[in-house]
Amino acid sequence: AIGMSGEIETESRAILEAENIHQDHDDFPLEAMECLPVTPWRLKEEDIKERRDLRDARIFSIDPITARDLDDALSYAELANGCAEVGV
C-alpha cells in the first residue's frame, strides 16, 4: 500500500508507479534538489483564500507527453439538468 486514496501524495505516487517512473533523485544535482519545496507539499491557507478552488473539478491536461508546459486542458461537469458541460 502507498497511502490513502484521494490524497495528493498517494495519487501522485500511484500514477508514477503505474507508469514505471521511479523517484530516484540521483540524476539531479544537489543544488536542484535543495530548491524544491518540502514534501508532502500542502496548500497554504492564504493561497486557498486568494484562488478559486478547483480541486473537486474534473480538469485534465491534453498536452502531449513531449510538452514543456502544461497549458492545454479540458474540464467536464455533469449539470443538474442532466446535461454535460465541457470546458476547453
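When reading the values below, keep in mind they use all heavy atoms of this one structure, side chains included, and skip hydrogens, waters and symmetry mates.
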Report the C-alpha separation of Leu16 and Glu19 in whole Å, then their side-chain angles, then the decisive distance to 0.1 Å, and conclude whether the side-chain contact (heavy atoms from CB on, under 4.5 Å) test is met. CA-CA 5 Å; Leu16 293 171; Glu19 297 298 325; over 6 Å; no
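Arg51 meets the salt bridge (Lys or Arg N to Asp or Glu O under 4.0 Å) test with no other residue; sequence neighbours excluded. Here Glu17 pairs with His22 under the side-chain contact (heavy atoms from CB on, under 4.5 Å) rule; sequence neighbours left out. For Lys44, the side-chain contact (heavy atoms from CB on, under 4.5 Å) partners at least two apart in sequence or on another chain are Glu46, Asp47. Remark: Glu45 engages Ile48, Lys49 in a side-chain contact (heavy atoms from CB on, under 4.5 Å) (not counting sequence neighbours).
Atom-to-atom distance recorded for Ile8:CD1 and Leu43:CG is 8.5 Å, nearest 0.5 angstrom.
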Table please: side-chain donor-acceptor pairs of residues 64-87 below 3.5 Å, with sequence neighbours left out.
{"residue": "Ser75", "atom": "OG", "partner": "Gly87", "partner atom": "N", "Å": "3.3"}
{"residue": "Asn81", "atom": "OD1", "partner": "Cys83", "partner atom": "N", "Å": "2.9"}

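Sorted by first and then second residue, the salt bridge (Lys or Arg N to Asp or Glu O under 4.0 Å) pairs with a member in residues 52-66 read Asp53-Arg55; sequence neighbours excluded.
Smallest separation of non-hydrogen atoms from Glu11 and Gly6: OE2-N, 2.6 Å.
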